[in-house]
Amino acid sequence: MSKRAVLYRMVTPEHICPFGLKSKDLLERKGYEVDDHHLTNRSETDAFKEKHGVKTTPQTFIDDRRIGGYDDLRDYFNLKQESEFGSRYTPIIVIFSLAALMVFALMFKGGLPTGIEPFVLNFIGVAMVILALQKLQDLVAFSNQFITYDLLAMKQVRYAYVYPFAEAFAGLGMLAGLPALLVSPVSIFIGAIGAVSVIKAVYIDNRELKCACVGGNSDLPLGFISLTENLAMLGAGLYMLSAWLA
């Protein structure tokens, strides 16, 4: 005997409810035949909500029992909520992983020389550019978080608005092989201030803060990973400068 479910979801010329689509997909993957009812305008939707005493759509019914919305449907099937996927460290893990894979891909193609030294420098350069992109997507949100712990930004708030551009410049400069005297001072400057700021905020003052390294409104805790990012920028800048002086 086939399993059947009834689904009511918003499908209008202006809006297709994403949770309605996800509910339909989940039901079909669980082997249900879905009686898919579209609520095609606001008045139909409001009338449906009033009739069933609900505040939101979509709504799923199985065996004449109202299950509820998409989150309720996941609970019904004993599935983890999508909001629980990943962790607060997921963004930085993804960024570092993709940066490493990008460098490996370019080395494999022959676009970059192979070896530990070029890999490390190019990895840091790619990671810096991606991290700068994360910050620049919402510069105001980044600045609001950054000025709570960066020692220079606390005194000169405008530095928070300059920082992502400086990080992007240093990263691109490493990738482009620009002269060390152009790139290394920037990388050393932002890396050193960042490292000292993290050490003071986390390991001396014992403050529990969120790191702005992956952009504003990040849930990543300020700590070891933030310090590692800054030490990598500092180290890369010092290495480039020492190689030039040699």
Side-chain angles (χ1 to χ4, degrees), residues 86-137 139 142 146 149-153 159-160 162-203 210-216 218-246:
S87 72
R88 61 204 333 200
Y89 293 97
T90 298
I92 198 69
I93 292 172
V94 170
I95 288 171
F96 285 165
S97 298
L98 287 177
L101 290 172
M102 287 172 67
V103 175
F104 277 129
L106 289 170
M107 286 182 169
F108 179 79
K109 185 180 179 181
L112 291 175
T114 58
I116 295 177
E117 177 187 327
F119 172 80
V120 172
L121 282 177
N122 284 289
F123 166 75
I124 293 173
V126 172
M128 288 175 70
V129 173
I130 298 176
L131 289 168
L133 171 63
Q134 292 292 108
K135 298 173 177 71
L136 289 168
Q137 289 184 84
L139 190 53
F142 163 74
F146 188 64
Y149 61 85
D150 186 86
L151 295 174
L152 179 55
Y159 174 64
V162 173
Y163 179 93
F165 294 97
E167 184 176 34
F169 169 79
L172 290 169
M174 291 179 193
L175 296 174
L178 295 181
L181 282 181
L182 284 177
V183 179
S184 59
V186 177
S187 187
I188 291 170
F189 182 79
I190 63 176
I193 293 176
V196 172
S197 298
V198 173
I199 290 171
K200 183 179 186 305
V202 177
Y203 301 104
K210 297 296 192 304
C211 178
C213 58
V214 292
S218 165
D219 195 39
L220 179 70
L222 187 70
F224 175 74
I225 291 178
S226 317
L227 181 60
T228 300
E229 175 198 2
N230 287 291
L231 289 177
M233 291 190 288
L234 174 61
L238 289 172
Y239 178 83
M240 292 176 64
L241 187 60
S242 63
W244 178 80
L245 291 173

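Keep in mind it's a predicted model, so treat the numbers as computed, not measured.
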For Leu231 and Ala195 the tightest heavy-atom approach is CD2-CB, 4.0 Å
Is it the case that over 12 heavy atoms from other parts of the model lie below 6.0 angstrom from the CD1 atom of Ile116? no
Under 3.5 Å donor-acceptor, Ser184 side chain and Ala180 backbone: yes
I'd like to check the ring-ring contact (aromatic ring centres under 6.0 Å, His included) partners of Phe142; sequence neighbours left out, ordered by chain and number. Phe146
Could you measure the distance from the CG atom of Leu133 to the CD atom of Glu167? Nearest 0.5 Å is fine. 10.5 Å
What residues, two or more places apart in sequence or in another chain, satisfy ring-ring contact (aromatic ring centres under 6.0 Å, His included) together with Tyr239? none
May I ask you to test the Val126-Leu98 pair for a side-chain heavy-atom distance under 4.5 Å? no
To the nearest 0.5 angstrom, please state how far the CZ atom of Phe165 sits from the CD1 atom of Ile190. 13.0 Å
Considering all heavy atoms of both residues, which atom of Met128 and which atom of Ala170 are nearest to each other, and what is their separation? CE-CB, 3.5 Å
Would you indicate whether Met102, at its atom CE, is surrounded by more than 12 heavy atoms from other residues, nucleotides or ligands within a distance under 6.0 Å? no
Mind checking whether Pro91 and Leu220 have side chains closer than 4.5 Å, heavy atoms only? no
Is any side-chain heavy atom of Leu181 closer than 4.5 Å to one of Leu241? yes
Sub-4.5 Å side-chain heavy-atom contact between Val198 and Glu229: no
Is there a donor-acceptor pair under 3.5 Å between the side chain of Tyr149 and the backbone N or O of Ala212? yes
Kindly give the heavy-atom pair with the smallest separation between Pro221 and Tyr89, and that separation in Å. CG-OH, 3.3 Å
Quick one: are Leu136 and Pro164 in side-chain contact, heavy atoms under 4.5 Å? yes
What are the two closest non-hydrogen atoms of Leu234 and Ala192, and how far apart are they? CD1-CB, 4.1 Å
Pair listing, side-chain hydrogen bond (donor to acceptor under 3.5 Å, both in side chains) test, anchored in residues 118-128, at least two apart: none
How many angstroms lie between atom CG of Leu175 and atom CG of Leu112, to the nearest 0.5 angstrom? 8.0 Å
Non-hydrogen atoms of Cys213 and Ile92 that approach each other most closely: SG-CD1, 4.5 Å
Roughly how far, to the nearest 0.5 Å, is OH of Tyr159 from CD1 of Ile193? 4.5 Å
Exercise: identify the closest heavy-atom pair between Ala236 and Leu121: CB-CD2, 4.2 Å
Rounded to the nearest 0.5 Å, how far apart are CD1 of Ile225 and SG of Cys211? 8.5 Å
CZ of Phe123 to CZ of Phe96, rounded to nearest 0.5 Å, is 5.5 Å
